[in-house]
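A quick note: this is a predicted structure, and the numbers were derived from the prediction, not measured. In what follows, chains carry the letters A, B, and so on, assigned in the order in which the sequence lines appear, proteins first and then strands, with residues in each chain numbered from 1.
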Protein chains: 2
Amino acid sequence: MTTDDIKSKLIERGLKVTPQRMAILEAIYSLKNHPTAENIIDYILKKHPNIATGTVYKVLGVLVENQLIKKVTTEKDIMRYDGIMESHHHLYCMESDVIKDYVDVELDELLQKYFEKKNLPGFKIEDIVLQLKGTFDNR
Amino acid sequence: MTTDDIKSKLIERGLKVTPQRMAILEAIYSLKNHPTAENIIDYILKKHPNIATGTVYKVLGVLVENQLIKKVTTEKDIMRYDGIMESHHHLYCMESDVIKDYVDVELDELLQKYFEKKNLPGFKIEDIVLQLKGTFDNR
DNA sequence: CAGTAATTGAGAATCATTCTCTTTTAGGAA
DNA sequence: TTCCTAAAAGAGAATGATTCTCAATTACTG
Ligand SMILES: [Mn+2]
Ligand SMILES: [Mn+2]
Ligand SMILES: [Zn+2]
Ligand SMILES: [Zn+2]
């Protein structure tokens, strides 16, 4: 993911290209484990010492609205963010708070077929997210 | 769910039976749509005007730890609670914030079989939660 | 009924997030 | 290239859900 790739993404959505937006998107793509706003701020501060906390939250909101990133919820009172927009699920480690991406096309097809038949009463499904909670073998 | 049923649940877990704990559990069982702490407080205040906010959060934490209730996360910065401990999934209405329970034994079996075969690298699954995001037909 | 550890109440503190208001800036127009 | 202006960012206060602290109360044990 180059600087120009990131720039293109902003332009595609009709968003102004600002150093802050560039830096925040770059941070999300670089940081692993679905960073918090704080993780992003820490990462950015090295190269961008003047960014305001409120700006980071503002930009994150804009990026979510424009479908460049996704929010990831956990049982903790902290929002986390995800730069991967392709359909995928998450493995939540309840011990370490690590969230690992889990891509499984076969499963997605299975679920889609399942819910095509079984149509839910008066509910239109937009997105199916599987939260797999458990623990990683620590080794 | 009678008062004695609730009492029994506390005793089974070795928890002291206090009016606050009784009231909070009763509120969760009575309130629909996966109440917030605030919903619970409002409900309880009628019969129990002196309960402290901190106590409600404390008790909710104790109940979660002792597996009498579950936390339900949303994209909002508010935790919601669920008194149903049987395995089930949730329909999230993105327009109204309604969360409807979705019980589907067939689906649970399907998923369980699926993940028995496909064993994930170094991850031990404890719980699978399906978040079905969408909208209810407004009528 | 008394003793004691657990629980609660009251209110302060925390802290992630949002808001307000002023200053700066990106990007189109001239 | 320079100007203009709406949009974005900075600074810091405010918000609001949740947590914490500590003194007072209470549920259980014996
Ligand atoms: Mn919060
Ligand atoms: Mn909050
Ligand atoms: Zn992800
Ligand atoms: Zn539920």
- line: Note: B:I6 and B:M1 closest approach over all heavy atoms is CG1-CG, 3.7 Å
query: Got more than 12 heavy atoms from elsewhere within 6.0 Å of NZ, B:K100?
result: no
Could you tell me the separation between the [atom1] atom of [X] and the [atom2] atom of [N], rounded to a whole number of Å?
| X | N | atom1 | atom2 | result |
| --- | --- | --- | --- | --- |
| A:E75 | C:dA16 | CD | P | 18 Å |
| A:L45 | D:dA9 | CG | P | 15 Å |
| B:Y57 | C:dA12 | OH | P | 18 Å |
| B:M79 | C:dA16 | CE | P | 14 Å |
| B:L10 | C:dT7 | CG | P | 11 Å |
| B:K76 | D:dG16 | NZ | C1' | 14 Å |
| B:I41 | C:dA10 | CD1 | C1' | 14 Å |
| A:D77 | D:dC20 | CG | P | 12 Å |

Minimum-distance nucleotide (side-chain atoms of [X] versus [options]):
| X | options | value |
| --- | --- | --- |
| A:V59 | D:dG10, C:dT8, D:dA9 | D:dA9 |
| A:V17 | C:dG27, D:dA9, D:dA17 | C:dG27 |
| B:T55 | D:dA17, C:dG9, D:dA7 | C:dG9 |
| A:Q20 | D:dA9, C:dG9, C:dT8 | D:dA9 |

- request: Report yes if some heavy atom in the side chain of A:Y81 is under 4.5 Å from a heavy atom in the side chain of A:V64; otherwise report no.
  value: yes
message: If you assign B:T18 and B:T36 each to the DNA chain D nucleotide with the nearest heavy atom, which residue ends up on the more 5' nucleotide?
response: B:T36
- prompt: Between B:P19 and B:I78, which is nearer to the 5' end of DNA chain D once each is assigned its nearest nucleotide?
  reply: B:I78
field: Any donor-acceptor N or O pair under 3.5 Å, side chains B:H34, B:N39
entry: no
query: Between A:L130, A:T74, A:T73, A:D82, which is the residue that forms a side-chain contact (heavy atoms from CB on, under 4.5 Å) with A:H90?
result: A:D82
- request: Name the nucleic acid region contacted by A:V62, choosing base, sugar-phosphate or nothing; use a 4.0 angstrom heavy-atom cut-off, strictly under.
  value: nothing
Value rounded to 0.5 Å, distance of OH in A:Y114 from CG in A:L107: 13.0 Å
Charged N-O contact under 4.0 Å between A:E75 and A:K133: yes
message: Roughly what angle, to 10°, lies between the helix axis at the start of the helix from C:dC1-D:dG30 to C:dA30-D:dT1 and the one at its end, five pairs per end?
response: 40°
message: Go nucleotide by nucleotide along DNA chain C from the 5' end; which of B:V56 and B:K16 gets its closest nucleotide reached first?
response: B:K16
